[in-house]
Amino acid sequence: MADFRKISKRWCAIFGVFALIMHTLSAQAAWLAERPLAQKIKQKFEQRTTENNSLSSQYLQVDAMQRSYQLYIPSSARQSARPVVIALHGGGGNANQMLKRWQAIAQQQNFILITPQGIGANSKMGTWNAYGCCGQAVQKQVNDIKFIQVVLKDASQHALLDPHRIYVVGFSNGGMLTHQLAIHMGRQLAAVAIVSGALFGDEAIAKDAVPILMIHGEKDSVVPFQGGISPTRFVAKAQQQPFQSVAYAMNYWKTVNQCQTKGFIEQTAHFRIEKNLNCKADVVLYDIDQGQHVWPTADQADEGFDATQVVWNFFKQHAR
């Protein structure tokens, strides 16, 4: 009889464990079935855990696609409307890369930082639809101009944005989208900056003059200074059209911004600055003699300046 009781207890324990496993699997299935709810809970959790650092991940539905962006609000920027910098990563990059480049100066200079995420195979590799390039974003005909406009509207629910000081900066494919945003958003933007980006030659003439800064290396082997199909094979595959040259982009914006006289040149050991200031809006180029396809930093021998600081210095001179 004692042996029978021991066996019964063992079977009860086994059935109990089995029931617990089935309950857990059932709960997981229900969780997966409610993915939007799960995502909302995840977002709220991230917002709570990062609230002390004023950093949050935001999730949106745009054209039936889940999109996201990082929002950084310096603690001192919560009392009044502050400037906004939207920083767009390069093709194959991600929002966190631009967050790392810009977060320190956002804290120091007391502006709001938004780093959106492009479309790609995963959350670490995104692309933007700049019409002529790049990757999945172009293939799927993603409306990234609409996405950025929705991001701005959504961010205004979380922070006090100054509508007169909204800036966009982009690297590479993000720079290509920045060109398109300047063309289509016009006076909504106080100024833009493009690092190693390009136009494609079939753009409509922008309706509004927009202050613009371009930074490009003459030795860029991804988005060539002289334009054309990229020498980098995987980028060439992502292109729908050849890149136009930096000279083309400068002439395009000098025409849009109605520059009346020839710009003046400042020459340094590593780069040449062309400033066109006698215009409805400034057009400036940093032409880096030995510059590669990189985000310039002060410790790079071929560049010799910090692109983040140069871009912010340009932005803070302009407001609508």
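The analysis underlying the following values was restricted to heavy atoms, covering all of them including side chains, and did not include hydrogens, waters or symmetry mates.
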Decide yes or no on side-chain contact (heavy atoms from CB on, under 4.5 Å) for Val169 and Trp102, but give the supporting numbers first. CA-CA 10 Å; Val169 57; Trp102 281 89; 3.8 Å; yes
Before you tell me yes or no, could you show the steps for Gln70 and Ser57 under side chain to side chain donor-acceptor pair (under 3.5 Å), namely the whole-Å CA-CA distance, both residues' side-chain angles and the distance that decides it to 0.1 Å? CA-CA 5 Å; Gln70 300 290 321; Ser57 299; 3.0 Å; yes
Given the rule in the side-chain contact (heavy atoms from CB on, under 4.5 Å) test, do Gln239 and Ile229 qualify, once you have shown the distances and angles that lead to the verdict? CA-CA 8 Å; Gln239 284 183 255; Ile229 297 297; 3.9 Å; yes
Candidate pair Val85 and Ile114, rule side-chain contact (heavy atoms from CB on, under 4.5 Å), full reasoning: CA-CA 6 Å; Val85 172; Ile114 297 172; over 6 Å; no
Evaluate Val283 against Tyr252 for side-chain contact (heavy atoms from CB on, under 4.5 Å), listing each step before the verdict. CA-CA 10 Å; Val283 181; Tyr252 173 90; over 6 Å; no
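Within 6.0 Å of the CZ atom in Phe234, the count of heavy atoms belonging to other residues, nucleotides or ligands does not exceed 12.
Hydrophobic cluster membership is shared by Ile273 and Phe315, with clusters built from Ile, Leu, Val, Met, Phe, Trp and Tyr side chains linked at under 4.5 angstrom. Note: the hydrophobic cluster containing Tyr69 also contains Leu189 (ILVMFWY, side chain heavy atoms under 4.5 Å, direct or indirect links). When the side chains of ILVMFWY residues are joined at heavy-atom separations under 4.5 Å, either directly or via intervening members, Val168 and Leu161 end up in a single hydrophobic cluster. In the hydrophobic clustering of ILVMFWY residues, with side-chain heavy atoms under 4.5 Å counting as a link, Ile145 and Val84 come out together. The cluster map of Ile, Leu, Val, Met, Phe, Trp and Tyr, joined by side-chain heavy atoms under 4.5 Å apart, puts Ile166 and Val151 in the same cluster.
To the nearest 0.5 Å, atoms CD (Gln58) and OG (Ser68) are separated by 10.0 Å. Atom CD of Gln107 is separated from atom CG of Leu113 by 11.0 Å, given to the nearest 0.5 angstrom. We find the NZ-CD1 distance between Lys219 and Ile288 to be 13.0 Å, quoted to the nearest 0.5 Å. To the nearest 0.5 Å, atom CD1 of residue Ile86 and atom CE of residue Met98 are 11.5 Å apart. Ile183 CD1 to Leu181 CG: the interatomic distance, rounded to the nearest 0.5 Å, is 9.5 Å. Note that OG1 of Thr308 is 6.5 Å distant from CD1 of Ile105, once rounded to the nearest 0.5 Å.
Proximity of the aromatic rings of Tyr286 and Phe305 is defined here by a centroid distance below 6.0 angstrom, and this criterion is met.
The side chain to side chain donor-acceptor pair (under 3.5 Å) test applied to His216 returns Asp220, not counting sequence neighbours. Shown here are the side chain to side chain donor-acceptor pair (under 3.5 Å) partners of Arg67, two or more places apart in sequence or in another chain: Asp144. Scanning for side chain to side chain donor-acceptor pair (under 3.5 Å) contacts around Glu266 gives Lys275, with sequence neighbours left out.
With Gln141 contributing its side chain and Gln139 its backbone, the two residues share no donor-acceptor pair below 3.5 Å. Here the side chain of Asp162 pairs a donor or acceptor atom with the backbone of His164 at under 3.5 angstrom. Asn94 places a side-chain N or O within 3.5 Å of a backbone atom of Lys124 that can act as its donor or acceptor partner. A distance-only check finds a donor-acceptor pair linking the side chain of Asn251 to the backbone of Ala247 [under 3.5 Å].
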Return all side-chain donor-acceptor pairs below 3.5 angstrom for residues 194-214, not counting sequence neighbours, or 'none' if the list is empty.
residue, atom, partner, partner atom, Å
Asp202, OD2, Gln241, NE2, 3.2
Glu203, OE1, Gly201, N, 3.0
Glu203, OE2, Phe200, N, 2.6
Glu203, OE2, Gly201, N, 3.2
Asp208, OD2, Arg187, N, 3.2

Compile the donor-acceptor pairs under 3.5 Å between side chains in residues 171-179 and protein atoms, sequence neighbours left out, one pair per line.
residue, atom, partner, partner atom, Å
Ser172, OG, His293, NE2, 2.9
Asn173, OD1, Trp128, N, 2.7
Asn173, ND2, Trp128, O, 3.3
Thr178, OG1, Gly170, N, 3.3
Thr178, OG1, Gly174, O, 2.8
His179, ND1, Trp253, NE1, 3.1

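With no hydrogens or angles considered, no side-chain donor-acceptor pair links Ser123 and Gln117 at under 3.5 Å. In this model, a donor atom of one side chain and an acceptor atom of the other lie less than 3.5 Å apart for Thr261 and Asn278.
A pairwise comparison of heavy atoms in Pro74 and Ala106 identifies CG-O, 3.4 Å as the closest pair. Nearest heavy-atom pair across Thr127 and Gly92 is CG2-N, 4.0 Å.
The residues Glu274 and Lys262 are annotated as not salt-bridged, no charged nitrogen and carboxylate oxygen being separated by less than 4.0 angstrom. A salt bridge links Arg272 with Asp287: the distance from a Lys NZ or Arg NE/NH1/NH2 to an Asp or Glu carboxylate oxygen falls below 4.0 Å.
Pairs of residues two or more places apart, or lying in two chains, that qualify as side chain to side chain donor-acceptor pair (under 3.5 Å) and include a residue from residues 310-320 are Gln109-Trp312, Asp282-His318, Gln309-Asn313.
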